[in-house]
Amino acid sequence: QVQLEESGGGPVQAGDSLSLSCGASIRAFSAARVAWFRQPPGKEREFVAAILWTPDSAQYAAPVKDRFTISRNKTNNAVDLQMNNLTPEDTATYYCAMTWRPTIEQTASHYNIWGQGTQVTVSR
């Protein structure tokens, strides 16, 4: 049973940066397709970013494009999400998810393994 674990969340102020990391319990994680989603308070879960294997394969949601960067961390067997210039609208529980399907998609149903989430709170 593959397990994903997110880390790096916490309270920050608007304009700050934060880096999240998604680690996995298997080495083959480097071959999986991985995405980050988030769920703001009282709202539906929404797509943030996804990656195949290389940076040029990454996809981003419009609200985070040019502020967030998803990347593979081979040293730590993880997928990181670097978040810059955070705003209160970025406040949410952030989840990483993976699939063995050959593509990345922006819908949650495409991914079948999920972490427990990490909370990011951005204050003004």
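Of the possible polar contacts, none joining the Asn77 side chain to the Gly23 backbone as a donor-acceptor pair under 3.5 Å is found.
The cluster map of Ile, Leu, Val, Met, Phe, Trp and Tyr, joined by side-chain heavy atoms under 4.5 Å apart, puts Val120 and Trp36 in the same cluster. Hydrophobic clustering, with ILVMFWY side chains joined whenever heavy atoms are under 4.5 angstrom apart, keeps Val64 apart from Ile104.
Residues that satisfy the side-chain hydrogen bond (donor to acceptor under 3.5 Å, both in side chains) test with Thr103, not counting sequence neighbours, are Glu105. Remark: Pro11 pairs with no residue by the side-chain contact (heavy atoms from CB on, under 4.5 Å) rule, at least two apart or across chains. With sequence neighbours left out, the salt bridge (charged side-chain N to carboxylate O under 4.0 Å, His left out) criterion links Arg67 to Asp90. Ala62 meets the side-chain contact (heavy atoms from CB on, under 4.5 Å) test with no other residue; sequence neighbours excluded. For Glu46, the salt bridge (charged side-chain N to carboxylate O under 4.0 Å, His left out) partners at least two apart in sequence or on another chain are Arg38. In terms of the side-chain hydrogen bond (donor to acceptor under 3.5 Å, both in side chains) criterion, residue partners of Glu89 (sequence neighbours excluded) are, by chain and number, Thr87. Applying the side-chain hydrogen bond (donor to acceptor under 3.5 Å, both in side chains) test to Thr93 and every residue at least two apart in sequence or in another chain returns Gln119.
The minimum heavy-atom distance linking Tyr95 with Gly115 is given by the pair CD2-O, 3.6 Å. Pairing each heavy atom of Leu81 with each of Ala49, the nearest pair is CD1-CB, 4.3 Å. Heavy-atom minimum distance, Thr91 versus Val122: OG1-N, 2.9 Å. In terms of heavy atoms, Pro88 sits closest to Ser123 at CG-C, 4.5 Å. Here the closest non-hydrogen pair linking Ala31 and Trp100 is C-CZ3, 4.0 Å. For Phe47 against Ala35, the heavy-atom pair with the smallest separation is CE1-CB, 4.5 Å.
Atoms CE and CG, from Met83 and Leu20 in turn, are 3.5 Å apart once rounded to the nearest 0.5 Å. To the nearest 0.5 Å, atom CD1 of residue Ile70 and atom CD of residue Gln82 are 12.5 Å apart. The distance from the CG atom of Leu52 to the CZ atom of Arg72 is 8.0 Å, given to the nearest 0.5 Å.
Evaluation of the side chain to side chain donor-acceptor pair (under 3.5 Å) test over residues 20-33, restricted to residues two or more places apart or in two chains, returns Ser21-Asp80. Sorted by first and then second residue, the side chain to side chain donor-acceptor pair (under 3.5 Å) pairs with a member in residues 6-17 read Ser17-Asn84; sequence neighbours excluded. Annotation: ring pair (Phe, Tyr, Trp, His ring centres under 6.0 Å) contacts involving residues 102-124, sequence neighbours excluded, comprise Phe37-Tyr111, Phe37-Trp114. Pairs passing the side chain to side chain donor-acceptor pair (under 3.5 Å) check and including a residue from residues 49-61, sequence neighbours excluded, read Thr54-Asp56, Gln59-Gln106. Among residue pairs with one or both ends in residues 2-103, those qualifying as disulfide (SG to SG under 2.5 Å) are Cys22-Cys96; sequence neighbours excluded.
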- [ ] Apply the test side chain to side chain contact (heavy atoms under 4.5 Å, CB included) to residues Val2 and Phe29: give CA-CA distance (whole Å), side-chain angles for both, the deciding distance (0.1 Å), then the verdict.
- [x] CA-CA 9 Å; Val2 179; Phe29 186 56; 5.7 Å; no
